[in-house]
Amino acid sequence: QVQLVESGGGLVQAGGSLRLACAASGRTGSYGTYYVMGWFRQAPGKEREFVAGINWSGGRTYHADSVKGRFTISRDNAKNSVYLQMNSLKPEDTAVYYCAADPDHAGVSYSPSMYAYWGQGTQVTVSS
């Protein structure tokens, strides 16, 4: 089992910034101590969508087109944590943001179904 605890959501005006954090604990990955992590979001009435993903070392990162240039995913393996720095926030970024872990595959997937473990979610609201 992997436990994920998110923090850092809140209310911010358009153009502002927030930093989300996700602390992981529990089992190690099938390929090593650390594993693929991702951030997803879900707005009311919409499907959960990929925001960003990062491989076990942090050497490879992936961002959805809608957030490229504004959001940055990173990780600190010493703290077993992953982060999402969100800049230039827009009202359309409003959603519940979820941290997810995929300990059983080496590559980063954009599909929520590949992630076996999920955090409880943190609300991000961007006002216009």
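Any value given below was found using the heavy atoms of this structure, including those in side chains, with hydrogens, waters and symmetry copies removed.
Under a 3.5 Å cut-off, the side chain of R41 and the backbone N or O of A95 do not form any donor-acceptor pair. Under the 3.5 Å distance criterion, the side-chain polar atoms of E6 are matched with a main-chain donor or acceptor of C99. T94 places a side-chain N or O within donor-acceptor distance of the main-chain N or O of V126, the cut-off being under 3.5 Å. Between the side chain of Q123 and the backbone N or O of G10 there is no donor-acceptor pair closer than 3.5 Å. Distance alone, capped at 3.5 Å, places no donor-acceptor pair between the N77 side chain and the N80 backbone.
The residues K90 and D93 are annotated as not salt-bridged, no charged nitrogen and carboxylate oxygen being separated by less than 4.0 angstrom.
No side-chain heavy atom of L89 sits under 4.5 Å from any side-chain heavy atom of Q13. Residues R48 and W118 form a side-chain contact, since some pair of their non-hydrogen atoms from C-beta on lies under 4.5 Å apart. Looking only at side-chain heavy atoms (C-beta outward), Y35 and V2 come within less than 4.5 Å of each other. Under the 4.5 Å side-chain criterion, counting only non-hydrogen atoms from C-beta, Y97 is in contact with M86.
The cationic group of R75 does not satisfy the cation-pi geometry with Y83, failing either the under 6.0 Å distance to the six-membered ring centre or the 45° limit from the ring axis.
Listed by first and then second residue, the ring-ring contact (aromatic ring centres under 6.0 Å, His included) pairs involving residues 49-72 are F40-F50, F50-Y110 (not counting sequence neighbours).
Side-chain atoms of S111 and S109 form no donor-acceptor pair, as typed in the model, at a separation below 3.5 Å. Side-chain atoms of D76 and S81 include no donor-acceptor pair closer than 3.5 Å.
Partners of E92 by salt bridge (charged side-chain N to carboxylate O under 4.0 Å, His left out), not counting sequence neighbours: none found.
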